[in-house]
Amino acid sequence: MRKAALVAGGAALVLALTACGGKTDGNGSAAPAPGGEQKDTISALFSDPIQLAEAAKAGTEKSKSAKFTMETGMGGLSIKGSGQASYAGGDSKMSMTMDMMGMQIEMRLVDKVVYMKMPEVMRQKKGFTKEWAKVALDDATASKEFGADFNEMMEQNDPSKFLDQIKAAGTIKKSEKTTLDGQPANHYSVDLDFAKMANNLPSGIPAEMVDQLKGKSLIIPMELFVNGDNLPVKVEMDMGAMMKEIAAGAPQAQQMGEMKMTMKYSDWGAPVDVQAPPADQVGEMPKN
């Protein structure tokens with residue numbers, strides 16, 4: 001279950017990071033109004049996943065920041081969280097609070113360092129006296145311990161990677177104009193072909209699981225809602241088929257069962273302020 005929790009938590013962190021802006025490539029799309037305001041009108045629906053991905057990519061790259069909430073369910077395990085993120089290459093920042101397995105964990109990413117405020121029970125178990133533990137993104141030992149390469153997570157999972165998965169592996173099955181939280185939105189039902197995205201997966205999924213899934217014919221359904229600026233406001237992913245294949249090859253993993261993730265975004269383009277914790281409250285991440 002610890003492994004399952006780390007997979008789900010890592011995947012949730014990846015999705016949070018990939019939703020924010022990245023490098024600007026000059027694609028033409030109107031930037032959202034300051035403070036995350038969105039248009040009263042909604043753009044025409046796309047039928048081509050490449051055009052959809054490029055339009056959303058242009059918007060996120062101009063906005064560069066957002067607030068988010070997320071919920072992940074897997075094998076009876078529920079993870080809920082909220083935070084804010086800004087993606088700017090090596091200057092990327094994020095703060096996030098997660099409720100997982102009855103514990104609350106706060107995470108911050110500042111200056112290529114991940115800080116985790118661990119629950120008291122975890123600190124006592126590890127004999128850790130500081131309130132915050134830190135680990136560098138390029139710490140290979142910590143990456144092995146937590147089942148995810150933190151540095152690779154940042155480098156591989158900028159928003160272009162997230163949207164490129166739709167571009168390279170997506171098929172739009174259905175689209176409609178709708179409302180979400182009282183605001184106009186375009187809703188796309190997208191099927192992602194795992195075989196076409198297997199080499200472009202986030203590092204939150206352990207390598208041994210990815211290897212086990214190679215060659216499998218899997219479809220990962222995604223529900224994507226975008227606002228009038230083609231910015232994502234809600235993303236739902238159903239990874240049940242993927243988890244079923246993993247469980248079939250590893251009976252000990254059957255406890256993981258279904259896996260569904262939901263992310264909501266707001267305040268695109270609003271300033272993000274994330275600071276490192278006070279130095280006297282921080283220690284190196286304990287191993288084992």
Side-chain angles (χ1 to χ4, degrees), residues 8-22 32 36 38 42-43 45-46 49-61 63-74 78-85 87 94 96 98 153 156-181 183-194 197 200-202 204-205 219-243 258-268:
L13 175 62
V14 163
L15 193 52
L17 290 171
T18 60
C20 305
Q38 62 187 59
I42 197 73
S43 60
L45 291 166
F46 291 101
I50 295 177
Q51 293 178 343
L52 169 61
E54 289 180 346
K57 183 176 175 180
T60 58
E61 288 176 346
S63 298
K64 298 185 182 297
S65 65
K67 294 180 180 178
F68 60 86
T69 63
M70 69 90 178
E71 185 171 357
T72 301
M74 182 172 66
S78 176
I79 301 175
K80 296 182 179 181
S82 61
Q84 57 180 337
Y87 200 100
M94 186 198 72
M96 181 178 186
M98 292 192 298
M153 189 179 292
Q156 284 191 347
N157 295 290
D158 61 48
S160 64
K161 297 293 183 182
F162 170 65
L163 294 168
D164 280 347
Q165 289 180 353
I166 296 178
K167 187 175 179 179
T171 300
I172 298 175
K173 305 299 290 185
K174 183 177 68 174
S175 62
E176 62 176 350
K177 291 182 179 292
T178 185
T179 58
L180 182 68
D181 298 329
Q183 298 294 330
N186 283 344
H187 172 208
Y188 297 91
S189 296
V190 180
D191 281 354
L192 296 174
D193 185 339
F194 183 86
M197 59 184 281
N200 196 28
L201 288 172
I205 302 175
I219 296 297
I220 299 177
M222 172 190 287
E223 302 296 327
L224 172 65
F225 296 77
V226 299
N227 65 14
D229 297 300
N230 288 311
L231 291 165
V233 288
K234 184 178 180 181
V235 180
E236 297 177 339
M237 294 184 70
D238 185 347
M239 300 184 183
M242 183 179 76
M243 302 311 293
E258 298 291 314
M259 181 175 178
K260 294 183 178 180
M261 300 175 63
T262 300
M263 297 284 297
K264 288 187 174 182
Y265 307 100
S266 62
D267 296 324
W268 282 99

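Index from 1, following the sequence. Here the structure is a predicted model, which is why all the values come from computation and not from measurement.
- Distance alone, capped at 3.5 Å, is enough to place a donor-acceptor pair between the Trp268 side chain and the Pro232 backbone.
- A distance of 10.0 Å separates OG of Ser82 from CE of Met263, quoted to the nearest 0.5 Å.
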Are Lys264 and Asp181 close enough, and set up right, to give a side-chain contact (heavy atoms from CB on, under 4.5 Å), and what steps lead you there?
CA-CA 11 Å; Lys264 288 187 174 182; Asp181 298 329; 4.1 Å; yes
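- The main-chain N or O of Leu52 is never found under 3.5 Å from a side-chain atom of Tyr188 such that the two would form a donor-acceptor pair.
- Counting only heavy atoms from C-beta outward, the side chains of Thr171 and Pro49 never approach each other to under 4.5 Å.
- Residues Ile166 and Met222 are in side-chain contact: their nearest non-hydrogen atoms beyond the backbone lie under 4.5 Å apart.
- In this structure a side-chain-to-backbone donor-acceptor pair under 3.5 Å is present from Asn227 to Asp229.
- Thr262 pairs with exactly one of Met70, Met237, Lys234 by the side-chain contact (heavy atoms from CB on, under 4.5 Å) rule, that one being Lys234.
- With rounding to the nearest 0.5 Å, the separation of CD1 in Ile172 from CD in Gln51 is 8.5 Å.
- Annotation: side chain of Tyr265 is not in contact with side chain of Thr69 (no heavy-atom distance under 4.5 Å).
- For the atom pair CG of Asn186 and OG of Ser175, the computed distance is 7.5 Å after rounding to the nearest 0.5 Å.
- Residue Lys173 holds its NZ atom at 8.0 Å from CD1 of Ile219, rounded to the nearest 0.5 Å.
- Distance alone, capped at 3.5 Å, places no donor-acceptor pair between the Ser63 side chain and the Thr60 backbone.
- Note that CG of Asp238 and CG of Leu192 are 11.5 Å apart. Values are rounded to the nearest 0.5 Å.
- Atom CD1 of Ile50 is separated from atom NZ of Lys167 by 6.5 Å, given to the nearest 0.5 angstrom.
- Inter-residue side-chain proximity for Met239 and Lys260 is flagged as unmet; no heavy-atom pair is nearer than 4.5 Å.
- Side chain to side chain, Ser189 and Glu223 meet the donor-acceptor criterion of an N or O pair below 3.5 Å.
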